[in-house]
Structure formats: C-alpha cells, structure tokens
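Written below as structure tokens is the structure these notes are about.
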There are 2 protein chains.
Amino acid sequence: MAVTMNDVARAAGVSLKTVSNVLNDYEFIRPATKQRVEDAIAELGYEANLTARSLRSGKTSMLGLVLSDLSAPYYAELASRLMTAASRRGYRVLVEQSGAGQAAERKALQGPFRQLTDGLLFTPLAMDADDISARVGTKPLVMLGEHVVDPRFDLVTMKNQEAAAALTRHLLAGGRRRIAVLGAHADETAGGGGLRLTGYREALAEAGVPFDPALVTKGDWRRDAGAAAVAGLLDAGVEFDAVFGLNDALALGAMHELLIRGVRVPQDVAVAGFDDIDEARFASPSLTTVSPGMDEIAERSISLLLDRIGGTETAASGVHVEAAFELKIRESAP
Amino acid sequence: MAVTMNDVARAAGVSLKTVSNVLNDYEFIRPATKQRVEDAIAELGYEANLTARSLRSGKTSMLGLVLSDLSAPYYAELASRLMTAASRRGYRVLVEQSGAGQAAERKALQGPFRQLTDGLLFTPLAMDADDISARVGTKPLVMLGEHVVDPRFDLVTMKNQEAAAALTRHLLAGGRRRIAVLGAHADETAGGGGLRLTGYREALAEAGVPFDPALVTKGDWRRDAGAAAVAGLLDAGVEFDAVFGLNDALALGAMHELLIRGVRVPQDVAVAGFDDIDEARFASPSLTTVSPGMDEIAERSISLLLDRIGGTETAASGVHVEAAFELKIRESAP
DNA sequence: CGTTCCGGATACATCGTTGCAGAACCGGCG
DNA sequence: CGCCGGTTCTGCAACGATGTATCCGGAACG
C-alpha cells in the first residue's frame with residue numbers, strides 16, 4: 001500500500017492531525033515540529049491521497065470543459081491553453097466531448113462529470129439559455145463562445161461583431177463588393193455566427209453596399225462544409241469577389257475548393273476567415289483572419305471561474321468578458 | 001446536500017448496504033426489494049458519489065493520457081478518439097500536457113496525476129526506457145507512438161517503417177529520385193522518426209537510388225520547422241524533386257514555403273506527409289500522406305490498457321500492437 | 001498566587017461508499 | 001424435530017483525509 005498520513009505521523013512522532021496541519025499550512029506549529037514532519041514526509045515519500053482529500057473537502061481541483069469535439073483545431077488550441085492556465089493555478093482540466101448533441105450537453109451539465117469537477121467551462125451548442133438555467137446546479141459555470149448570451153450566466157467571449165465588421169471593412173477597402181458569407185445558421189442572432197453576420201452587415205451598411213441574402217450560405221463550421229458552400233455558389237452562378245468564412249475551417253475548405261476549380265485567390269476571390277488557428281498561417285495562400293486573443297480568453301475564463309469557485313467574484317448576475325481581437329492580414333486577402 | 005445512499009435506504013426501507021448491493025449487481029436480492037430500491041433511487045434522483053466510491057474501491061474510472069501538446073492536430077485527433085473509445089467502456093480520459101519536457105513527463109508518471117487514474121497512455125518524447133522503467137509504479141502503462149520501443153512495455157503503434165517505405169516507393173514510382181526528408185532527429189533509430197527514415201532508405205535501396213545525407217534535414221515536427229527546412233535546402237542550392245515530411249505538419253509547412261517561392265507542387269516538387277490529419281485533405285494542393293489507422297490505434301490501446309487494469313491481459317513482457325496503415329494518394333504527389 | 005489567555009498539539013467524528021462476516025429465514029432431508 | 005445448505009439482508013469496519021472540540025502548559029495579568 002501507499003504511504004498514508006498515519007505512517008508519516010508515526011515516523012515523526014506526532015499525531016495524524018498535526019501532519020494534516022503541516023500540509024495545510026496551519027499557522028500555529030512549532031518550527032521544530034514542522035521540520036520533523038517534513039523530514040518524515042520526504043523520507044517516506046509521502047503523497048497526499050487526492051481522492052480522500054476530495055471526499056472530505058468536497059473539492060476536486062478539477063475544472064470541467066465541455067466542447068463539441070476536441071479534434072476541431074480551434075477547440076484543441078483552446079483546450080490546450082485552458083489546461084496551461086489552469087495548471088498554473090493548481091487545477092486540472094477534464095474534457096468532455098458533447099458532439100454538439102443536446103443529450104450529451106445535458107449529461108455533462110448534470111451527470112457524474114459535474115461531480116468530478118469544481119466548476120465548468122461550457123461551450124453550449126445545442127442547449128438554450130432556459131434549458132441550461134433549469135439544469136445548472138449550484139456549482140459555478142462559465143460560458144465560452146457565443147451560442148448562449150444571457151445575463152444569467154458568466155460569459156467569456158470576444159468582440160465578435162466588431163471583429164467581423166473590421167474584417168469586412170478590410171475586404172471592402174480592398175475593393176471587394178460581393179462578399180459571400182459561409183456558415184450562417186437559420187435565425188441565429190445571438191450566437192457567434194449571428195454576431196459575426198451582424199458585424200458583416202454593419203460594415204456593408206457603412207460602406208453603402210447593399211446586403212444580398214443570396215451571398216449568405218448556411219452550414220456546419222467545418223472544412224468540408226466550406227468547400228461544399230463554395231461549390232454551391234459557383235454551380236448556382238452566384239457572382240462574388242470575396243468569401244468570408246465565419247470560422248477558419250470554413251474559409252480553408254472554401255479556399256481549397258476555389259483553387260481546385262481554378263479560381264485564383266486572392267486575384268479573383270479574396271478569402272478571409274475567423275479564429276486564426278495555427279493552420280491559417282501556413283495555408284497556401286496564407287489566410288487572412290481575425291485572431292480572437294485566445295490566450296486572453298483562456299486566462300480570463302479560468303480566472304473568472306476560479307473567482308466564482310473561491311467566492312471572490314460575487315456579482316449576482318452574469319459577468320461578461322470580451323477579449324480583444326486582432327486583424328491578421330495575410331495573402332488570401334491582402 | 002446531495003442525496004446519499006442512506007437517504008435512499010431510508011426511503012426504500014432497507015439497509016444502506018442493500019442499496020449498495022443493488023447498485024453493484026449483487027446476485028442474491030429479491031426482485032421486489034431491488035425494485036423498491038430502484039424506485040427510491042429514481043424518486044430521490046440519487047447519484048452515486050464517485051469520490052467516495054473511488055476512495056473505497058481504489059479505482060477512479062479515469063485513464064491518463066500524457067502527450068506533449070494537445071494543440072498539435074495529430075494529438076488532438078488522437079485524444080478525441082481515445083476519449084470516445086474510453087467513454088464507450090465507462091472510462092474518462094484525463095489529459096496531461098508534458099510539453100515534451102523530461103521533468104513534466106516524470107511528474108506525469110509519478111505525481112498526483114498518476115493517482116487520479118487507473119492506468120496511463122503515455123507518449124514519451126523526452127524520457128528513455130530505463131528512466132521510465134525506474135519510475136513506473138504498479139499501475140498499468142501503455143506506450144503510444146514510437147519514441148520508446150522496449151520489450152518491457154506494452155506498446156500500440158503503427159507500421160512506421162512499412163508505411164514510410166510504401167510512401168517512398170510511391171514517390172519513386174512517380175519518377176522522383178531526389179527525395180528530401182524533413183524532421184529527422186540525430187541518432188534516432190528506434191523512434192517513429194527513425195523507423196520512418198529507415199523505411200525511406202529501404203525503399204531507396206530497393207530501387208537502387210543512392211541515399212544522400214544532404215537531403216535529410218532535422219527539426220521539430222511542426223509547420224514552421226517544415227517551412228524552415230525547405231527554405232534551408234533551397235537557399236543552400238540542394239536539388240530535390242520531392243519532399244517527404246516525417247509528419248503532416250512538416251509537409252504542410254514545407255509546401256507552403258515551396259509555393260511562396262514559386263516552386264510548383266507537384267510539378268516541380270512532389271510533397272508527401274505522414275499521419276493524414278484532417279487538414280491534409282483540405283490543403284491546396286491536397287496532401288499525399290499515410291493514414292495511420294488512428295481509430296484502430298485508439299481502440300486497441302484502450303482495450304489493451306483496460307485488459308491490463310482488469311487483469312485479463314497477463315503477458316509478462318510487453319504486448320506490442322501494430323495498427324494497419326493506408327496510403328492516401330492526393331494532389332501533392334499523385 | 002490564582003486566573004485568564006493563547007500557542008501548540010491531540011482525539012474523535014465525519015465525508016459516502018464498499019468488503020467482510022454473520023444473522024435470519026427458508027425448504028428439504030435424515 | 002433438528003440440522004444443513006442456500007438465499008436474502010444487515011451491521012460494522014475501513015478507505016485516507018479534514019473539521020471541531022478539547023486538552024495541556026506556560027506566559028501575562030490583576
């Protein structure tokens with residue numbers, strides 16, 4: 001068996017509780033005693049049993065991260081940064097993939113997964129605010145992304161609308177007038193897609209360019225959907241001189257399809273994306289996109305969640321954090 | 001407070017232990033009793049406390065996954081599949097990023113991380129076999145990847161050498177004779193890179209094409225390193241008509257650099273990679289590569305680890321599993 | 001000199017579950 | 001009728017830590 005506190009106590013000639021006190025930085029311990037305990041710990045190679053500690057204290061030192069699919073580059077990078085940020089503060093991150101399904105999201109919110117964590121970072125895609133509100137327990141929950149924007153919940157996101165507007169302005173400044181949009185969803189106004197679309201329309205309006213619904217295509221935020229959408233536009237004979245993918249995967253899929261069909265990027269059609277995943281820099285041509293300040297998002301969301309867990313943050317209604325963004329002008333839309 | 005077994009017991013009019021027995025599928029329980037307990041559980045919405053269960057049983061139902069960096073596409077996809085495979089069998093996966101550092105790898109092998117998991121999937125990059133052997137505890141450990149191939153350890157990997165040879169043969173069949181290799185490491189023969197390089201040399205030898213060390217460049221397995229390596233070759237005036245990136249990231253970085261410099265792919269230089277990450281399909285041109293049968297790797301490694309945990313697999317020395325591969329011929333090297 | 005106060009350590013209960021041993025009950029058999 | 005073996009259920013201890021209450025001894029105080 002592993003070494004327990006009792007063994008340490010015996011070796012140090014003190015009570016079990018004194019060992020516990022040393023470990024928990026209890027204030028009133030004679031230096032000599034503390035030293036004896038620490039020596040015993042070192043000698044025996046004692047390591048605290050986290051499970052027992054969890055049972056007693058009710059804390060697990062784990063944060064849950066619910067996202068649709070870890071293999072999506074954006075989420076993979078986000079998860080990686082969140083883990084790093086959490087680990088700096090002594091927490092681990094346990095990831096749960098929901099596959100963007102309602103059932104899985106609900107389960108992550110209520111089931112055993114919740115029990116294993118002290119707080120949740122949640123990227124809801126299928127559940128709506130009321131549904132979440134009804135099922136959210138007592139443990140802290142911070143929303144990521146923009147599918148659910150609701151004053152009841154803490155939220156860390158980016159300036160979606162502003163960023164999309166800035167990107168669209170850049171395309172307009174480059175002389176583009178017919179900018180196709182990929183990845184819209186029906187009736188979505190609150191989500192990230194909706195906000196980005198709103199930013200796009202805002203920039204068009206400023207420039208006096210009419211909005212043409214025929215240029216807006218729907219689809220999942222994946223490479224293959226981007227390719228398919230562009231294929232659809234081309235086959236339908238819709239004219240366009242730029243493509244704005246609501247995320248990078250869409251834009252990269254679109255760019256691939258354009259190049260296959262002999263459409264030159266950026267000469268014939270400029271392409272821009274959103275997220276600045278690592279791949280965007282190394283695509284050919286490299287992809288113009290918006291960097292969402294992911295480090296800031298990771299840092300702020302961990303901070304916010306830990307403040308809630310620790311009770312430092314006490315705002316009754318949701319705290320909304322918007323990270324700064326940065327335009328990344330590259331070859332695909334110079 | 002949450003509902004405990006005691007509450008359920010009271011509600012069902014049985015002892016606490018009977019509730020436990022029902023939950024653990026104990027054989028001798030009258031159907032009527034079982035029903036009463038199950039009704040009480042449903043009515044109270046009881047959920048077992050996993051922490052307490054872990055403390056008592058010594059099992060956590062979590063598997064550890066140690067890899068260098070979750071944001072690398074290959075690892076992200078692997079992690080995602082491993083999680084899915086594990087979840088099918090009632091296990092969760094806890095990921096730890098080592099950043100390819102020795103200290104971090106050692107910590108993952110011994111520290112609290114180990115405690116939280118029933119077994120480990122380990123992708124060692126910095127530690128060697130003896131070091132691992134000295135620090136591996138009693139809990140099961142399955143190696144992934146090829147940096148450490150040692151009869152002492154269980155290992156799930158792919159046919160690196162065969163796959164690299166097959167890919168090289170394909171390039172040779174296309175008339176390429178000067179095939180540059182990106183991503184070699186000094187003196188590595190056992191690791192994945194070493195095996196792939198060996199496969200490359202094997203195919204060259206078969207074809208009677210001399211091996212030219214000037215064509216082999218070293219570097220990390222990342223996009224930027226691939227770009228840098230190609231830049232180095234071009235600047236040094238080394239002639240080559242094909243590039244074999246030891247992984248896809250390298251190949252994609254290389255392709256980017258080639259295209260930037262006006263070298264046509266595949267007309268002037270063919271490019272091939274290794275891993276078949278999703279991005280390879282959507283690159284422009286799409287990337288010829290080797291698919292390592294990641295689903296099989298995920299499935300087999302989870303199976304093997306669980307067999308070890310459950311004591312089903314009892315081979316004294318390491319079990320070595322090699323997943324099948326598949327050549328993916330695409331535009332970059334038709 | 002007796003009392004109060006506090007630093008320093010301890011004993012015991014407790015978190016929610018499972019393993020072990022055994023009690024109570026039942027029908028069948030000698 | 002008593003004993004036996006199997007079924008059904010129960011009580012107690014234990015997993016390894018922390019919270020609460022308490023105890024003890026010495027310094028400070030009146």
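Quantities reported herein were computed from a predicted structural model and do not represent experimental measurements. Order of the sequence lines fixes the chain letters, A, B, ..., with proteins taken first and strands second; residue numbering starts at 1 for each chain.
Where B/K34 and B/L55 each meet DNA chain D at their nearest nucleotide, the meeting point lying more 5' is that of B/K34.
You'll find the side chain of A/D131 stays beyond 4.5 Å of the side chain of A/E105, heavy atoms only. Using a 4.5 Å heavy-atom cutoff, the side chains of A/L144 and A/L82 are in contact.
One can place CG of B/L50 at 18 Å from P of C/dC15, the figure rounded to the nearest angstrom. Atoms CD (A/E27) and P (C/dA9) sit 13 Å apart, rounded to a whole Å. Whole-Å rounding puts the B/Q35 CD to D/dT8 P distance at 16 Å. For B/R30 and D/dT7, the CZ to P distance is 14 Å, given to the nearest whole Å. Summarising the geometry, the separation between CG on B/L44 and C1' on C/dG16 is reported as 15 Å, rounded to the nearest angstrom. One can place CZ of A/R36 at 14 Å from P of C/dG8, the figure rounded to the nearest angstrom.
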What is the per-nucleotide protein-contact pattern of nucleotides 17-25 of chain D, from the 5' end, where B denotes a base atom under 4.0 Å from a protein heavy atom, S denotes such proximity for sugar-phosphate atoms only, and - denotes neither?
BBBB-----
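Side chains of B/S303 and B/R89: a donor on one and an acceptor on the other come within 3.5 Å. A donor atom on one side chain and an acceptor atom on the other are not found under 3.5 Å apart for A/S87 and A/T84.
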Quick one: do A/D118 and A/R308 satisfy salt bridge (Lys or Arg N to Asp or Glu O under 4.0 Å)? Show the steps, please.
CA-CA 10 Å; A/D118 294 339; A/R308 286 289 188 193; over 6 Å; no
One pair to check against salt bridge (Lys or Arg N to Asp or Glu O under 4.0 Å): A/E299 and A/R81. What are the steps and the verdict?
CA-CA 8 Å; A/E299 201 59 46; A/R81 285 174 160 83; over 6 Å; no
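Between A/A108 and A/E96, the shortest heavy-atom distance links the atoms CB-CG, 4.1 Å.
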Can you name the atoms? Protein N/O to nucleotides 26-28 of chain D N/O, anything below 3.5 Å, with the distance.
none

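One finds a salt bridge joining A/D7 and A/R10 here, because a Lys/Arg side-chain nitrogen approaches an Asp/Glu carboxylate oxygen to under 4.0 Å.
The number of heavy atoms from other shown groups lying within 6.0 Å of NZ (A/K139) is above 12.
For the OP1/OP2 pair of C/dA9 and a distance below 4.0 Å, the side-chain nitrogens and oxygens of A/T33 include at least one atom meeting the criterion.
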